[in-house]
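Letters go in sequence order (proteins before strands), and every chain restarts at 1.
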Amino acid sequence: MISITFPDGAVRNYEKGITPLAIAESLSRSLAEKVLAAEINGKVCDATQPIRSDASLRLLTWNDKEGQMTFWHSTAHLMAEAIEKKFPGAKFWVGPPIENPKGFYYDVDLGDRKISEEDLAELENIMKELSKQKNPYIRKEMSKKEAVAYYTEKGDEYKLDLLQHLNDGEITFYTQGNFTDLCRGPHIPHTGLIKAIKLTNIAGAYWKGDEKNKQLTRIYGVSFPSQKELDEHLQMLEEAKKRDHRKLGKELGIYTMDEDVGPGLIMWLPNGSVIIEELEKLAKETEQKAGYKRVVTPHLAKESMYLTSGHLPYYADSMFPPMEIDGEKYYLKAMNCPHHHKIFASSPRSYRDLPLRLAEYGTVYRYEQSGELFGLMRVRCMHMNDAHIYCTREQFNEEFRAVNEMYLKYFKIFGIEKYVMRLSLHAPEKLGIKYVNEPELWIETENMVRQVLKESGIPYVEVPDEAAFYGPKIDVQIFSVIGREFTLATNQVDFSQGRRFGLHYTTADNTTDTPIIIHRAPLGTHERFIGFLLEHYAGKFPLWLSPVQVKILPISDKFLPYAKEIHEKLLLVGIRSETDERNEKIGKKIRDAELAKVPYMIITGEKEISENKISVRKRGKGDLGSQSVEEFIKILLKEIEERTAD
RNA sequence: GCCGUUGUAGCUCAGUGGUAGAGCACUUCCUUGGUAAGGAAGAGGUCGUGAGUUCAAUUCUCAUCAACGGCUCCA
């Protein structure tokens with residue numbers, strides 16, 4: 001007998017070699033039907049794996065993340081079985097479950113054959129048939145020699161490549177129905193549990209993620225234990241699409257693009273420009289209080305400066321090609337740093353001048369590959385909330401911490417809670433290639449940044465090989481509604497550029513030293529930040545950011561003069577007001593103002609004129625009753641001044 | 001840049017080998033109406049661009065541009 005400890009602390013005794021599935025059955029029949037996998041002593045494995053000694057056990061169902069991942073992984077195998085049936089001889093790479101978007105994919109080499117959208121429906125049907133067979137997922141261990149022989153016979157170079165990195169004792173195969181795959185598992189008990197399947201799309205994916213390699217066909221899908229859950233999931237995706245910043249950006253008149261202007265080049269419409277102005281106002285206020293100095297720099301610079309900075313030739317692929325004037329090459333700037341460094345260098349600096357904080361909403365141009373462009377999130381011309389802080393080594397911690405606090409202050413204003421702080425580190429093996437070759441400086445600055453993060457108590461993750469070439473950084477990662485991950489803001493350390501530009505200051509003991517530079521962009525770029533805000537607020541901007549803050553809706557055109565009077569009063573105190581002068585009924589005007597997501601509506605008619613008041617309606621909340629214009633203005637100005645969340 | 005899909009009116013989308021439609025928006029008229037769509041009439045497109053096949057192309061083929069779903073990459 002062995003004793004099994006359950007998550008609630010209960011201990012029960014079972015026969016040696018019992019499976020988690022059998023234990024579930026001993027507890028309840030309905031539970032056994034839901035078990036997808038099991039966690040034995042903290043390790044996720046098959047629910048059909050025998051337990052041979054005392055252990056702690058957690059039965060995993062659809063309600064557990066691990067249960068879902070196992071479920072999707074098993075569905076990927078089921079899809080592979082269907083693909084093999086429809087495309088005999090197809091070779092498989094890997095087929096993992098994924099969290100964002102939910103589901104799974106499998107990378108396949110179909111040879112010369114092509115797969116189309118119509119084939120997906122057919123594959124789905126094959127999968128449903130196979131699911132009905134309730135085929136068990138059977139685990140089998142194999143020696144490396146056997147496994148290599150198996151795939152050599154099959155002529156499968158992909159699985160042979162996978163095998164290279166595995167050793168005897170860690171090679172397992174799983175078989176369900178007629179499909180066998182090299183796989184570490186775990187898997188669900190049988191295919192019958194997969195009741196609802198949707199294959200979502202076909203994409204190309206480079207083998208091993210390297211664009212020099214052959215491109216495999218990647219098929220994405222998602223599955224659920226019931227049709228109802230699949231329907232709900234698809235419904236949710238539809239809802240998410242409604243708050244896609246590209247859709248909202250068009251509907252709300254935020255921005256536009258034009259083929260004649262060029263891909264990735266945003267034109268901000270009046271409504272979008274208001275948001276830009278408000279964001280810049282916030283940044284300027286905040287930075288002014290934090291001791292920043294504003295500068296303005298040109299959009300171009302000569303080749304020589306980018307050779308100095310090191311951006312050329314290494315960054316050349318991301319820059320627009322140069323233009324030649326008077327025998328000199330000029331580049332559109334892809335970053336503001338070199339210009340700011342030149343400003344630092346423009347006059348002798350003393351330690352008394354530090355920290356020097358130079359800020360600019362700088363326009364930069366990057367030649368992003370055409371396929372990478374994405375609405376406002378990825379563009380070729382962007383406006384960056386940039387600043388460079390030149391400080392001594394002693395000042396670094398405090399400066400870096402202050403920048404982090406600025407981030408948190410901003411995030412509070414915008415109610416940004418779903419983000420990941422990522423400490424991006426270098427990779428030692430890429431020193432001198434991707435990163436400046438200063439091993440001890442890397443370690444030192446990374447420790448400095450880590451210390452600041454630890455002291456501030458901000459949760460973060462460390463990720464190697466994500467640093468800038470000149471130093472470690474903190475990235476703020478967010479997700480778009482369709483699940484794509486982006487860096488919203490960045491805070492970078494730079495111990496290299498200062499030296500390259502020959503920047504120095506006189507120290508207290510009359511020697512010279514090179515400043516450490518902090519590159520920071522807490523509001524990222526206007527493009528990405530507003531794209532993010534559109535989705536974050538679902539287009540319902542708080543009052544202070546709303547392009548139109550108040551819409552005045554006269555009951556009929558008899559009351560237009562009174563509406564105009566109120567409109568003038570609002571404009572006078574700086575409230576962005578518009579009047580709906582159309583010959584429409586009040587219901588229609590309200591509907592349109594609500595759809596335009598205007599925060600406040602003022603309704604004026606006979607009653608209001610006689611009482612010398614206005615009727616106020618709030619977006620999403622309805623009628624607030626009547627009040628005087630002066631009272632209303634006072635409330636709004638306070639809400640705007642305090643940048644209230646909504 | 002690569003793999004795949006798409007491209008028809010300002011927007012959302014039907015449709016056809018014989019030079020095109022709907023709803024909303026827009027204009028005009030009727031209506032002057034109290035908290036999410038009043039009625040009528042009208043105006044709008046060389047069907048992304050270029051070439052080919054054909055008596056005839058918006059429709060079929062090819063190229064090209066752009067957008068979209070991914071990969072790679074990134075603020």
Side-chain angles (χ1 to χ4, degrees), chain A residues 101 105 107 114-117 200-220 244 246-247 250-251 253 256-264 317-318 334-336 362 364 366-379 382-386 466 468 473 475-478 482-490 492 519-529 531-532 553-560 582-595 601-608 615-625:
Chain A
Y105 66 80
D107 283 350
K114 287 211 167 156
I115 185 166
S116 70
E117 303 278 341
T200 47
N201 54 333
I202 306 168
Y206 297 108
W207 183 41
K208 294 187 185 181
D210 188 334
E211 61 184 324
K212 288 181 196 75
N213 281 343
K214 177 172 181 174
Q215 201 156 43
L216 304 175
T217 302
R218 177 172 293 181
I219 305 175
Y220 284 89
D244 188 309
R246 292 165 298 184
K247 186 170 156 62
K250 188 178 271 177
E251 285 171 1
T256 191
M257 291 194 259
D258 187 281
E259 285 197 23
D260 279 338
V261 175
D317 284 350
S318 297
M335 63 293 300
N336 301 302
V364 298
R366 294 186 186 172
Y367 179 72
E368 305 292 354
Q369 294 187 64
S370 59
E372 293 166 348
L373 301 172
F374 176 61
L376 285 175
M377 299 299 219
R378 197 76 187 278
V379 296
M382 66 214 91
H383 300 81
M384 196 176 290
N385 172 227
D386 217 351
E466 286 286 343
K473 58 179 178 167
D475 292 321
V476 180
Q477 302 299 110
I478 51 105
I482 63 167
R484 217 177 283 183
E485 181 177 356
F486 287 99
T487 300
L488 186 66
T490 182
Q492 315 180 345
H519 304 236
R520 40 110 283 174
L523 298 176
T525 63
H526 280 320
E527 285 71 16
R528 189 172 287 178
F529 203 77
F532 167 78
L553 315 176
I555 296 281
S556 81
D557 47 16
K558 279 193 294 197
F559 312 109
L560 268 175
R582 292 176 307 166
N583 180 4
E584 293 287 351
K585 287 193 171 175
I586 192 66
K588 172 77 167 164
K589 291 182 182 179
I590 288 172
R591 178 180 156 81
D592 288 346
E594 288 276 354
L595 289 177
M601 286 146 267
I602 290 179
I603 289 140
T604 56
E606 192 62 53
K607 191 165 72 104
E608 287 75 16
S615 286
V616 178
R617 186 187 158 99
K618 192 166 177 176
R619 172 183 68 197
K621 299 249 164 46
D623 196 353
L624 295 187

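- Spacing between atom CD of A:Gln215 and atom P of B:C71 amounts to 11 Å, rounded to whole angstrom units.
- Side-chain proximity of A:Lys558 to the nucleotides B:C65, B:U35, B:U32 is greatest for B:U32.
- A 6.0 Å sphere centred on CD of A:Glu606 holds no more than 12 heavy atoms belonging to other residues, nucleotides or ligands.
- The nearest heavy atom of RNA chain B to A:Met377 and to A:Gly209 marks one nucleotide each, and the one closer to the 5' end goes with A:Gly209.
- Remark: RNA chain B forms stems of 3 or more consecutive Watson-Crick or G-U wobble pairs, all pair distances under 3.5 Å, at B:1-7 with B:65-71, B:10-13 with B:21-24, B:26-30 with B:38-42, B:48-52 with B:60-64.
- As rounded to whole Å, 14 Å separates atom C1' of B:C3 from atom CD of A:Gln369.
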Tabulated below should be each protein N or O lying under 3.5 Å from an N or O of nucleotides 27-30 of chain B; please produce it.
{"residue": "B:C30", "atom": "N4", "partner": "A:Asn583", "partner atom": "ND2", "Å": "3.4"}

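- Ion pairing of A:Arg378 with A:Glu372 is present here, as a side-chain N (NZ or NE/NH1/NH2) and a carboxylate O approach within less than 4.0 Å.
- At whole-Å resolution of the value, NZ in A:Lys588 and P in B:G33 are 19 Å apart.
- The side chain of A:Tyr206 lies closest to B:U72 when the candidates are B:G34, B:U72, B:G69.
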Verdict with reasoning, A:Ile115 to A:Ile219, per side-chain contact (heavy atoms from CB on, under 4.5 Å): CA-CA 10 Å; A:Ile115 185 166; A:Ile219 305 175; 3.6 Å; yes
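- Of all nucleotides listed (B:C74, B:G70, B:C73), B:C74 comes nearest to the side chain of A:Phe486.
- Rounded to an integer number of Å, the gap from A:Glu485 CD to B:G69 P is 17 Å.
- When each of B:C65, B:U35, B:C3 is scored by its nearest atom to the side-chain atoms of A:Ile603, the top-ranked nucleotide is B:U35.
- Of the candidate nucleotides B:G70, B:A75, B:A37, B:A37 has the atom lying nearest to any side-chain atom of A:Arg591.
- With its glycosidic angle within 90° of 0, B:G44 is assigned syn.
- Rounded to an integer number of Å, the gap from A:Ile202 CD1 to B:G70 C1' is 11 Å.
- Residue A:Lys208 places none of its side-chain N or O atoms closer than 4.0 Å to OP1 or OP2 of B:U72.
- Using a 4.0 Å heavy-atom distance criterion, A:Val364 is classed as making no nucleic acid contact.
- Of the candidates B:A75, B:U72, B:G69, the closest approach to any side-chain atom of A:Thr490 belongs to B:A75.
- Among the nucleotides B:G70, B:G1, B:A75, the one closest to the side chain of A:Ala203 is B:G70.
- Between A:Trp207 and A:Asp107 there is no side-chain heavy-atom pair separated by less than 4.5 Å.
- Residue A:Thr487 holds its OG1 atom at 7.5 Å from CD of A:Glu466, rounded to the nearest 0.5 Å.
- Using a 4.0 Å heavy-atom criterion, one finds that A:Arg218 contacts the sugar-phosphate atoms exclusively.
- Between the side chain of A:Glu594 and the backbone N or O of A:Arg591 there is no donor-acceptor pair closer than 3.5 Å.
- As a whole-Å value, the separation of A:Met601 CE from B:A36 P is 10 Å.
- As a whole-Å value, the separation of A:Asp592 CG from B:C26 C1' is 13 Å.
- Heavy-atom nearest nucleotides on RNA chain B were determined for A:Tyr220 and for A:Met384, and the one closer to the 5' end corresponds to A:Tyr220.
- Contacts of A:Tyr220 classified as side-chain hydrogen bond (donor to acceptor under 3.5 Å, both in side chains), with partners at least two apart in sequence or in another chain: A:Arg218.
- Side-chain atoms of A:Asp210 come within 3.5 Å of backbone N or O of A:Lys212 as a donor-acceptor pair.
- Contact check, A:Ser556 against B:G33: no side-chain N or O comes under 4.0 Å of OP1 or OP2.
- A:Arg246 places no side-chain N or O within donor-acceptor distance of the main-chain N or O of A:Gly375, the cut-off being under 3.5 Å.
- With distances taken from any side-chain atom of A:Lys250 to the nucleotides B:C11, B:C74, B:G7, the minimum falls on B:C11.
- Look at A:Arg246 and you'll find a side-chain N or O under 4.0 angstrom from OP1 or OP2 of B:G69.
- Distances were taken from every side-chain heavy atom of A:Glu594 (C-beta onward) to each of B:G34, B:G38, B:A36; the shortest belongs to B:A36.
- Within 4.0 Å of A:Lys618, counting heavy atoms only, lies no atom of the nucleic acid at all.
- At a cut-off of 3.5 angstrom, the base of B:A75 holds no donor-acceptor pair with the side chain of A:Thr487.
- At least one side-chain heavy atom of A:Glu527 sits under 4.5 Å from a side-chain heavy atom of A:His383.
- The CG atom of A:Asn336 lies 4.5 Å from the CG atom of A:Asp386; values are rounded to the nearest 0.5 Å.
- For A:Arg366 against B:C73, a side-chain-to-base donor-acceptor contact under 3.5 Å is absent.
- Considering only the side chain of A:Pro263, B:A67 comes nearest among B:G69, B:U12, B:A67.
- For the pair A:Lys589 (side chain) and A:Arg582 (backbone), a donor-acceptor distance under 3.5 Å is present.
- Straight-line distance from the CZ atom of A:Arg617 to the P atom of B:G34: 15 Å, rounded to whole Å.
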